[in-house]
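Single-structure report; data block below.
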There are 2 protein chains.
Amino acid sequence: MDKNLKRMATMQRMQVTGLELFYKKGYYNTSVDDILKELSLSKGAFYYHFSSKEDFFIQIVENLVVRKIYSMLIEPIEGHENPLDLITNCFEDALETAVHNELDYGFVLSNFINEFNGRNPKIMKHLSDILKIWEVNLVSSIQKGKFNGHIDRHVDAEGVAIYLMSSYIGIRTLMVEMAPSARKYRFMTQLRQYFKSIESKPQTV
Amino acid sequence: MDKNLKRMATMQRMQVTGLELFYKKGYYNTSVDDILKELSLSKGAFYYHFSSKEDFFIQIVENLVVRKIYSMLIEPIEGHENPLDLITNCFEDALETAVHNELDYGFVLSNFINEFNGRNPKIMKHLSDILKIWEVNLVSSIQKGKFNGHIDRHVDAEGVAIYLMSSYIGIRTLMVEMAPSARKYRFMTQLRQYFKSIESKPQTV
DNA sequence: AAACAAACCGACCAAGCGGTCGGTTTAAGT
DNA sequence: ACTTAAACCGACCGCTTGGTCGGTTTGTTT
């Protein structure tokens with residue numbers, strides 16, 4: 001596509017373009033030829049590097065999707081500040097990125113989970129693992145917040161994590177469907193409202 | 001399948017089976033022949049009743065999906081009681097149904113939105129319409145709650161609706177992926193926490 | 001029983017799919 | 001210059017897909 005991508009190893013280029021198209025059109029609705037056409041490469045090149053379409057996809061998940069989730073949703077909440085602020089900013093940034101991406105097709109991870117759920121257990125396993133990592137990091141962040149006095153000691157960290165993940169997955173679906181900017185704003189306002197209700201109350205004991 | 005379904009009009013049977021398979025395996029991953037095999041019918045019968053696979057799907061959405069959303073998510077919140085209670089019970093029931101369905105593949109509507117988003121605008125329009133109906137009903141329910149003194153006058157009804165829809169869509173995705181019962185419980189607990197934060201405070205003026 | 005249309009059958013088609021394979025190009029080592 | 005192997009090409013295979021169509025069955029009307 002670009003001149004500076006010319007030197008990128010063929011395998012890498014295939015994976016990047018593969019993720020682009022799988023994300024845009026879905027796995028089953030994207031053929032190997034679609035990807036190869038985009039890169040002016042042949043079937044031979046593809047099956048020289050990957051043993052199957054499924055294997056190709058799993059490598060994409062392991063390499064590119066994992067990294068995306070880390071940089072967008074995990075690393076931003078890893079500081080020592082108030083977790084509620086970190087999460088608020090993290091979501092704010094992630095959603096803002098989606099708003100400004102005119103070719104947004106939703107949350108990569110939940111899109112794929114939806115597509116493979118009950119259809120391909122092998123791939124589902126890989127996607128579930130990523131989800132688990134996100135969950136674990138959210139939980140430990142919230143627990144840290146409880147310990148540091150930012151979050152009410154009585155709240156269930158697991159519960160908060162599930163609730164946050166749910167709402168994020170959902171808003172990303174809704175933003176794709178219509179009025180992303182307005183929906184993002186409304187979502188963030190309610191998120192702050194919810195956070196206010198679980199932050200530690202000053203008059204404790 | 002069942003003896004008592006034998007009298008069901010062929011068109012209806014096709015739609016019911018079609019929805020079953022589309023929901024289970026996805027639209028693109030389900031062939032017309034898959035549906036016909038299940039019913040022991042032929043291509044001729046299918047294309048006598050429907051002009052294309054797409055047309056078939058749209059009729060399924062208009063007939064069956066709409067009704068499902070109405071009975072599961074809209075009618076249960078139509079009473080005159082406290083909307084926060086109505087919505088809580090509505091979500092509780094909807095999620096409990098999912099928990100007890102061992103063959104659960106997530107929220108029909110969001111699954112299809114994910115599959116068709118950016119790929120088939122015509123179908124997307126029909127799905128968006130249903131989402132809009134849900135949103136409108138949630139908003140009016142919440143506004144009623146504000147008027148009747150159940151919900152704090154300062155909350156943004158649109159915002160609450162979007163937040164509720166987001167979280168519901170998300171938790172359905174998460175429940176499909178793992179531990180549905182535990183996740184449902186945690187979700188409902190946090191939902192109640194959130195609702196506590198937007199209910200009308202007794203000491204108002 | 002003749003007529004007729006609605007409902008249904010199933011062989012068929014072109015196109016597209018994932019995957020294979022014998023052969024060619026490219027580039028580095030000697 | 002020769003060898004060797006990695007990288008790549010593209011014709012090809014078997015199979016499935018959505019969709020077509022000439023023909024048969026079924027049920028109702030007269």
Side-chain angles (χ1 to χ4, degrees), chain A residues 1 3 5-61 63 112 115-116 119-124 126, chain B residues 1 3 5-61 63 112 115-116 119-124 126:
Chain A
M1 230 170 198
K3 299 287 174 188
L5 293 181
K6 278 276 167 64
R7 278 178 220 140
M8 197 198 276
T10 305
M11 253 177 90
Q12 286 287 329
R13 293 170 60 220
M14 283 180 181
Q15 291 186 35
V16 169
T17 305
L19 177 56
E20 256 174 46
L21 292 187
F22 287 146
Y23 171 58
K24 194 153 140 188
K25 311 200 301 164
Y27 177 83
Y28 291 111
N29 204 26
T30 302
S31 70
V32 173
D33 278 327
D34 286 342
I35 297 158
L36 295 169
K37 208 180 295 167
E38 195 98 348
L39 296 165
S40 301
L41 286 171
S42 66
K43 277 273 176 71
F46 183 85
Y47 283 95
Y48 174 77
H49 290 292
F50 306 98
S51 64
S52 68
K53 189 188 179 187
E54 190 186 62
D55 168 69
F56 175 57
F57 184 78
I58 291 175
Q59 291 206 39
I60 288 179
V61 170
N63 295 332
F112 288 145
E115 187 164 8
F116 292 110
R119 286 146 219 163
N120 191 320
K122 193 174 168 187
I123 292 183
M124 265 304 282
H126 290 267
Chain B
M1 231 172 196
K3 298 289 173 188
L5 292 181
K6 278 276 169 62
R7 278 176 223 141
M8 198 198 273
T10 305
M11 254 177 88
Q12 286 287 330
R13 293 170 60 218
M14 283 178 180
Q15 291 185 35
V16 169
T17 306
L19 178 55
E20 255 173 48
L21 292 187
F22 287 147
Y23 171 57
K24 195 153 139 185
K25 311 200 301 163
Y27 176 84
Y28 291 110
N29 204 26
T30 302
S31 70
V32 174
D33 278 328
D34 287 342
I35 297 158
L36 295 169
K37 209 181 295 167
E38 195 99 348
L39 297 165
S40 302
L41 286 172
S42 67
K43 277 273 177 72
F46 183 87
Y47 283 96
Y48 174 77
H49 291 292
F50 306 98
S51 64
S52 69
K53 189 188 179 185
E54 191 186 62
D55 168 69
F56 175 58
F57 184 78
I58 291 175
Q59 290 206 39
I60 288 179
V61 170
N63 295 332
F112 288 146
E115 187 164 9
F116 291 110
R119 286 145 219 163
N120 191 320
K122 193 173 169 189
I123 292 183
M124 267 304 282
H126 290 268

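Labels below follow one simple rule: chain letters A, B, ... track the order of the sequence lines, proteins then strands, and each chain is numbered from 1. Given the structure is predicted, the values throughout are model-derived calculations rather than measurements.
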Which part of the nucleic acid does Ser51(B) contact within heavy-atom distance under 4.0 Å: base, sugar-phosphate only, or nothing?
nothing
Answer with base, sugar-phosphate or nothing: what part of the nucleic acid does Lys43(B) contact at a heavy-atom distance below 4.0 Å?
base
Kindly say if His49(A) contacts the phosphate of dC8(D), meaning a side-chain N or O under 4.0 Å from OP1 or OP2.
yes
Assert yes or no for the condition that the ring centre distance of Phe112(B) to Phe22(B) is strictly below 6.0 Å.
no
In whole Å, I'd like the distance from the CG atom of Asp55(B) to the C1' atom of dG19(D).
13 Å
Could you state the NZ-C1' distance from Lys25(A) to dC17(C), rounded to the nearest angstrom?
12 Å
dC17(C), OP1 or OP2 - any side-chain N/O from Ser31(A) closer than 4.0 Å?
yes
Looking only at heavy atoms, which two atoms of Phe50(B) and Met14(B) are closest? And how far apart?
CE1-SD, 3.7 Å
Taken to the nearest whole Å, CD1/Ile35(B) to C1'/dG18(D) is 12 Å
Going by heavy atoms in the side chains, are Glu115(B) and Asn29(A) under 4.5 Å from each other?
no
Protein-nucleotide distance (Lys53(B), atom NZ; dT17(D), atom C1'), rounded to Å
8 Å
Separation of dC8(C) P from Met11(B) CE (nearest whole Å):
11 Å
For dC8(D), take OP1 and OP2 only and decide whether either is under 4.0 Å from a side-chain N or O of Thr10(A).
yes
Give the rounded distance in Å between these two atoms: OH of Tyr28(A) and P of dT17(D).
13 Å
Would the Phe57(A) and Phe116(A) ring centres measure less than 6.0 Å apart?
yes
Any idea which of dA7(D), dC17(C), dC8(C) is nearest the Tyr48(A) side chain?
dA7(D)
Tyr47(A) OH to dG22(C) C1', in whole Å, measures 18 Å
Going by heavy atoms in the side chains, are Ile58(A) and Lys122(A) under 4.5 Å from each other?
yes
Distance in angstrom units between Phe50(A) CZ and dA7(D) P, rounded:
12 Å
